[in-house]
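Chain letters run A, B, ... following the sequence lines, proteins first, then strands; residues in each count from 1.
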Amino acid sequence: MNNHSLFQLESRREFLKRGAAASAVMTFSMTAPGILCQAVAQTPRNDRILVVVEMAGGNDGLNTIVPHRDPGYTKARPQLAIDGDSVLKINSEIGLHPSCRSFADLLEQGQFAVVQGVGYEQPNRSHFESMDIWHSCQRKGEVRQDGWLGRYLEQSGAAESNDPAALHLGFDKQPFALMSRDVRVPSIRSLSQFRLRGGESPRFREALDQLLESDGDRSGNDLLGFVQASTSNAITSSRRMESSGTMYQPSKPYPASGLGEKMATVAKLIAGGLQTRVYYVRIDGFDTHANQPDAHAALLREVSEAVGCLVSDVSAHGDGDRLMVMCFSEFGRRVAENASEGTDHGTAGPVLLAGAAVKAGLVGRHPSLTDLDQGDLKYHTDFRQVYAAVIEDWLEADSSPVLGGDYEALELFS
Amino acid sequence: MMKPVEQVDPNWAWEPFLATAETPWDMGAAAHLMRRAGFGATGEELRQLMARNPQDVVAELVAAQEPESFQREMASLVRASLASGGPQRLAAQWIYRMLNTPAPLLEKMTLFWHGHFATSAAKVEDSKLMQQQNELLREYALGDFSQLALEISRDPAMLLYLDSATNRKTHPNENYAREIMELFCLGEGNYTEQDIRELARCFTGWEIKREKFRINRYQQDTGEKTVLGRTGELSGEDGVATVVSQHQTARFITRKLVRFLVLDEPRAPDDLIEPLADKLREDGMRIAPTVQRILGSNLFFSMSVRGRKVRSPVEVAIGFLRTLNGSTDAFRLATTLQQLGQGLYFPPSVKGWDGGRTWINSSTLLGRSNLIRNLLGDDKTRFGKQGLEQHLTSQGARSMGEVVAYLETVLFAVPLPDTARQKIAQLADSPGAKENRLRDAVHLLCTIPEFQLA
């Protein structure tokens with residue numbers, strides 16, 4: 001058996017999964033070139049993955065998780081209210097926006113949860129300010145040097161890994177949440193950034209393989225040894241991406257939307273066995289001050305379909321138990337609609353979670369529509385309690401240094 | 001022969017370099033100097049340097065200034081980039097400067113200070129102020145550190161970046177006070193929280209109004225303060241001077257210079273840093289003599305520090321091009337550098353670029369390799385205004401074996417593995433146009449681990 005070509009045909013994970021994984025690894029490591037064994041040995045098998053979806057602009061939570069039986073709702077939203085017949089029911093009182101079909105399907109499978117009424121004290125209604133608060137967990141005037149995910153990555157020793165600790169997918173500015181002093185997070189615009197150019201030429205490819213297998217005298221210089229290990233790992237990653245390009249087939253086609261394409265890339269990277277633990281994607285456009293209904297429906301459809309597709313696809317490839325998706329927005333919108341068939345900046349909103357591990361259903365009550373703060377919903381759950389649960393119970397790390405304080409973790413996972 | 005840096009005798013280390021049989025002043029040594037003190041040099045340039053005394057070469061590098069004609073050319077490029085907006089244009093302009101400057105050490109040191117006094121356009125969002133800071137860094141890059149620290153403390157881009165554009169008497173902003181001690185001068189553990197609070201009081205009244213620094217007398221706390229043991233009615237200027245005059249500042253800056261110019265790792269022992277730091281103080285905190293001392297030293301040229309640095313993305317790209325006398329689409333390169341983790345005008349945090357191993361991960365390594373491929377394939381890339389083949393021929397490298405040997409000398413800090421020489425020489429026999437085979441060969445050489453070291 002030629003192990004080299006075997007590696008090109010199968011991702012490491014698929015390879016390990018074929019029955020007697022342990023003995024397969026042994027056989028593999030006895031004959032395979034050193035560089036490939038290393039990639040196998042380095043990957044802990046149960047690494048969990050967090051995908052964060054930022055819904056930028058302020059998602060209208062009230063029309064996402066709809067309290068259709070609440071008289072206050074229809075009263076505040078004569079134009080925009082979604083009627084009870086068309087919502088996708090979560091329970092007798094509350095339903096999902098009708099374009100969230102994929103979320104409803106996930107809910108039916110026990111893979112979707114909604115944390116209601118999430119916000120923070122003295123809410124700020126500026127997009128940038130509130131987004132910065134969600135990203136950094138710090139208020140204006142406090143020193144903001146890093147984001148919550150950056151601090152988590154730093155603390156988890158992610159800098160040691162050969163693969164990027166986290167990846168941001170997109171052309172936009174890197175999210176502040178990922179910033180830290182010590183861990184650099186690459187922004188990936190497309191999968192081609194994970195493919196070595198020139199690899200299409202067989203002579204180039206063959207020569208490169210031979211060059212990497214010849215260890216030369218790299219032992220005397222630690223730095224060179226490190227770069228060699230990283231180079232081997234990079235080439236292996238590139239090959240995995242190529243083979244997942246041919247071997248990996250999505251279990252169903254991803255929606256042809258911006259977020260759909262990003263999620264398809266995330267799925268490929270996961271299938272390729274990348275050790276990256278955090279993926280960050282952003283979808284903009286939720287600032288629906290006017291003509292909200294169609295725009296909002298399209299945005300929710302895009303999020304719901306892309307997340308739904310990712311969860312079911314990653315599950316179909318056997319990694320469902322490693323994946324959790326969290327969707328958040330910097331604030332919700334005012335309870336009362338405005339005169340332009342839109343809504344203005346508000347406060348508390350829902351955080352949406354998807355994945356096999358989440359405790360499905362609603363978490364916390366829907367915020368009251370009568371007990372308002374100057375026309376805005378009152379939050380009852382601090383967003384850092386959601387983060388605390390994600391850090392403690394999903395990523396299995398200590399949350400207080402990351403959040404800059406002790407926040408009681410919600411029970412979000414089963 | 002190759003003593004680990006921990007065992008090096010500090011006296012020998014900083015004495016002027018004396019060529020020996022083990023460490024000759026040869027093409028390899030000249031290439032090493034030009035990689036560290038600049039962005040590499042062509043074989044022809046290296047041969048000219050070799051004919052001279054290494055101390056003279058170092059002295060000339062340190063003294064080099066941009067000629068007036070080049071300054072004028074750059075000034076008009078800067079104006080054009082500012083007019084067309086966007087910091088990415090500005091980055092392209094800086095790339096052009098690095099590619100073409102006759103004073104490469106000045107540019108290398110400007111880049112050093114950009115990482116040291118890190119300020120990002122992502123937050124400042126004002127290209128004019130970013131460029132103003134860039135010019136300040138260049139003006140003092142090899143000048144007086146005390147003056148540089150004072151000027152940067154009043155630099156609008158810096159103060160905007162660190163949220164210190166207003167400093168009220170009743171709410172002194174501690175951010176700048178903290179960073180000037182922690183990151184710019186002393187390092188963590190060399191001051192107290194009380195020092196930060198007191199230094200912040202010195203900066204009250206300092207503000208940025210209409211993009212300019214000024215002092216607001218009404219907001220100044222004129223009371224007595226005690227900073228790092230000095231007590232008095234200290235002003236902001238006094239505060240900066242107090243921090244800079246600490247002996248620890250000389251140590252901190254010296255250590256960072258040694259890391260930047262000599263080796264990423266292992267960490268140089270304190271007794272190696274101390275004599276250089278003493279000299280820096282004796283020199284009145286002037287940077288140039290210290291840089292000259294480092295670059296002209298036995299340690300700098302010793303084999304034990306060759307290849308002990310990881311090339312930064314800028315060094316990969318500009319080094320590759322300057323070594324092959326190349327030019328390219330600077331705007332496109334600016335974007336690629338950002339993807340590789342070294343966006344010019346966009347350092348990742350106030351701590352700047354950590355360098356060393358942090359440059360390297362699977363995505364940046366593939367990106368570095370692809371960068372070389374893209375440069376080689378780009379219509380706008382020229383080597384000495386010609387194609388790759390003509391350029392290599394002009395340097396005396398005709399056969400594939402000669403090409404590999406030439407590139408090894410000019411481009412590599414450590415020897416190539418034998419297999420690399422053989423395998424790449426074999427590409428000569430493969431079919432296709434010679435230019436394409438050469439590109440494959442160069443791309444392969446720049447993908448193997450040895451290439452990442454400087």
Side-chain angles (χ1 to χ4, degrees), chain A residues 141 143-146 150 159 161-165 167 173-174 179-189 192-198 201 203-204 206-208 210-218 220-238 241 274-275, chain B residues 2 122 162-163 171 173-175 178 264-266 307-310 338-341 348-351 353-354 356-367 369-370 373-374 377 414-420 423-424 426-427 430-432 436-437 439-441 443-444 447-450 452-453:
Chain A
V143 175
R144 287 181 183 146
Q145 279 168 334
D146 40 26
S161 165
N162 277 324
D163 285 325
L167 282 174
K173 186 169 135 180
Q174 188 165 69
M179 296 286 180
S180 72
R181 287 200 168 193
D182 295 327
V183 182
R184 301 281 81 91
V185 176
S187 289
I188 297 294
R189 284 144 175 90
S192 67
Q193 277 174 266
F194 259 96
R195 289 211 191 117
L196 190 67
R197 291 200 57 207
S201 147
R203 74 172 172 226
F204 180 86
E206 188 196 341
L208 182 62
Q210 287 165 342
L211 289 186
L212 288 174
E213 278 170 41
S214 70
D215 281 11
D217 184 22
R218 288 162 179 157
N221 182 340
D222 287 350
L223 210 48
L224 186 53
F226 163 78
V227 177
Q228 161 157 37
S230 307
T231 307
S232 301
N233 186 69
I235 304 295
T236 311
S237 295
S238 166
M241 292 314 141
L274 216 66
Q275 297 172 50
Chain B
M2 269 185 52
L162 289 183
D163 305 307
H171 293 285
N173 181 336
E174 294 178 5
N175 206 7
R178 179 179 301 279
D264 282 335
E265 55 181 72
R308 298 296 166 138
K309 279 190 62 69
V310 176
Q338 190 137 31
Q339 286 171 16
L340 294 179
S349 77
V350 60
K351 201 166 148 233
W353 294 288
D354 292 324
R357 297 185 184 218
T358 64
W359 289 126
I360 301 295
N361 64 49
S362 49
S363 111
T364 56
L365 279 170
L366 294 170
S369 173
N370 291 343
R373 192 81 192 183
N374 292 341
V414 294
L416 291 175
D418 286 334
T419 36
K423 289 292 158 198
I424 292 168
Q426 280 168 14
L427 286 177
S430 56
N436 289 339
R437 275 178 281 144
R439 285 181 188 176
D440 271 357
H443 183 202
L444 269 175
T447 303
I448 65 173
E450 280 76 6
Q452 309 304 340
L453 300 184

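The closest donor-acceptor contact from the side chain of A:R195 to the backbone of B:L366 lies at 3.5 Å or more, if one exists at all. For A:D163 (side chain) and B:S362 (main-chain N/O), no donor-acceptor pair under 3.5 Å exists by modelled atom type. Panel note: side chain A:N221, backbone B:R308; no donor-acceptor pair is recorded below 3.5 Å.
Note: A:I188 CD1 to B:S363 OG = 4.5 Å, rounded to the nearest 0.5 Å.
Nearest approach of B:P449 to A:T231, heavy atoms of both residues: CG-OG1, 4.0 Å. Heavy-atom minimum distance, A:L223 versus B:G307: CD2-O, 4.4 Å. The two atoms that bring B:S369 and A:L196 nearest to each other are OG-CD1, 3.0 Å, heavy atoms only.
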| query | What do the steps show when you test A:R203 against B:R437 for side chain to side chain contact (heavy atoms under 4.5 Å, CB included), and what is the final call? | reply | CA-CA 10 Å; A:R203 74 172 172 226; B:R437 275 178 281 144; 3.9 Å; yes

| request: Show your reasoning for whether side chain to side chain contact (heavy atoms under 4.5 Å, CB included) applies to B:V350 and A:Q145. | output: CA-CA 8 Å; B:V350 60; A:Q145 279 168 334; 3.6 Å; yes

| query | Checking side chain to side chain contact (heavy atoms under 4.5 Å, CB included) for the pair A:L224/B:E450: CA distance, chi angles, key distance, verdict? | reply | CA-CA 7 Å; A:L224 186 53; B:E450 280 76 6; 3.9 Å; yes

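Taking the side chain to side chain donor-acceptor pair (under 3.5 Å) definition, one finds that B:R439 meets it with nothing, sequence neighbours left out. Among residues two or more places apart in sequence or in another chain, the side chain to side chain donor-acceptor pair (under 3.5 Å) test is passed with B:T358 by none.
Per-residue heavy-atom pair counts under 4.5 Å with chain A were compared for B:R178, B:Q339, B:R357, and the maximum is reached by B:R357. Contacts with chain A were tallied for B:L427, B:L340, B:D440, B:T447; B:D440 has the most, counting heavy-atom pairs under 4.5 Å. Contacts with chain A were tallied for B:L453, B:I424, B:V414; B:L453 has the most, counting heavy-atom pairs under 4.5 Å. Annotation: maximal heavy-atom pairing with chain A below 4.5 Å, among B:L162, B:N361, B:D264, B:L416, occurs at B:N361. Between chain A and the options B:Q452, B:Q338, B:E265, the largest number of non-hydrogen pairs under 4.5 Å is found for B:E265.
Using a 4.5 Å cut-off between heavy atoms, B:L444 contacts chain A through both its backbone and its side chain. For B:N374, the parts lying near chain A are the backbone and the side chain together; criterion is any non-hydrogen pair under 4.5 Å. Both the backbone and the side chain of B:V310 have a heavy atom closer than 4.5 Å to some heavy atom of chain A.
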